[in-house]
Amino acid sequence: MATIFSRIVAGEIPSYKIAEDDKYYAFLDINPVAPGHTLVIPKNEVDYIFDLNDEEYLGLQLFAKRVAEAIKQAIPCTRVGVAVMGLEVPHTHIHLIPINKEADMNFFKEKASLTQEEMAEIAAKISQNFGNTQSELY
Ligand code: 5GP
């Protein structure tokens, strides 16, 4: 059975999309730790990130780098934090979270409460900035 993230990629479940190419997809986390919390996934349904083949792993990281750059431009923050856990959804995903201090990378605190309009606005802003990013290798 397809994972919930594959169903998002297929358009069966809506998402606040940030960016997409033939191999990777980025979208806002529905339950954000902070405004702009984004998930970056390979379209290939692999559960554990370190089971990706080398090319796909590097491609995912380069794609995530561009997304992080776009988040940093869209959301005022000191850095974009990175986390990979994957205990809830068995489909590789990189969490990118705008942070100002280490404590902001806290998945157990109360989540940010955003309206649909705010989520759409944030996604549009990050997405727009993604268009201006590029990678030397990717
Ligand atoms: P993890 O597997 O790394 O523990 O976390 C999975 C993440 O996926 C969570 O932060 C959760 O909020 C997010 N998530 C779960 N289901 C959906 C969904 O249907 N749409 C979106 N956009 N995010 C989801």
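Values below: all heavy atoms of this structure, side chains included; hydrogens, waters and symmetry mates excluded. Each ligand, and each atom within it, is numbered from 1 in the order the structure gives. Small disclaimer: the values here were computed from a predicted structure and weren't measured.
For atom 24 (C) of ligand 1, the closest non-hydrogen atom of the protein is Ile30 CG2, 3.6 Å. Summary of contacts: the protein heavy atom closest to atom 20 (N) of ligand 1 is Ile8 CD1, 3.5 Å. For atom 9 (C) of ligand 1, the closest non-hydrogen atom on the protein side is Asp29 OD2, 3.3 Å. In this structure, the protein non-hydrogen atom closest to atom 22 (N) of ligand 1 is Leu28 O, 2.9 Å.
Phe5 and Phe27 have perpendicular rings, their planes meeting at more than 60° on a 0 to 90° scale where under 30° would count as parallel.
Distances below 4.0 Å separate heavy atoms of His93 from the following atoms of ligand 1: 1 (P), 2 (O), 3 (O), 5 (O), 6 (C). Interface of Asn31 with ligand 1, defined as ligand atoms under 4.0 Å from a residue heavy atom, comprises 12 (O). Each of the atoms 1 (P), 3 (O), 5 (O), 7 (C), 10 (O) of ligand 1 lies under 4.0 Å from some heavy atom of His95. Of all atoms in ligand 1, listed by their number and element, those nearer than 4.0 Å to a heavy atom of Ile4 are 19 (O).
For the atom pair Ile41 CD1 and Phe63 CZ, the distance stands at 9.5 Å (nearest 0.5 Å).
Considering only heavy atoms from C-beta on, Tyr57 stays 4.5 Å or farther from Thr92 through its side chain. Inter-residue side-chain proximity for Val84 and His95 is flagged as unmet; no heavy-atom pair is nearer than 4.5 Å.
When only interatomic distances are considered, the shortest N/O to N/O separation between Val89 and ligand 1 falls below 3.5 Å. Remark: ligand 1 and Glu88 share an N or O pair separated by less than 3.5 Å (distance only, no angle test).
Between Tyr16, Phe5, Phe107, Phe27, it is Phe5 that holds the heavy atom closest to atom 8 (O) of ligand 1.
With hydrogens and angles left out, the side-chain atoms of Glu45 and Ser6 include a donor and acceptor closer than 3.5 Å.
For Asp54, the CG atom is loosely surrounded, since the number of other residues' heavy atoms within 6.0 Å does not exceed 12. No more than 12 heavy-atom neighbours from other residues, nucleotides or ligands sit within 6.0 angstrom of NZ on Lys125. The local environment of CD in Gln128 is sparse, with at most 12 non-hydrogen atoms from other residues, nucleotides or ligands closer than 6.0 Å.
For His93 and His91, the ring centers are positioned 6.0 Å apart or more.
For Leu39, every heavy-atom contact with ligand 1 shorter than 4.0 Å involves the side chain, none the backbone.
Using a 4.0 Å heavy-atom cutoff, Gly86 is listed among the residues neighbouring ligand 1.
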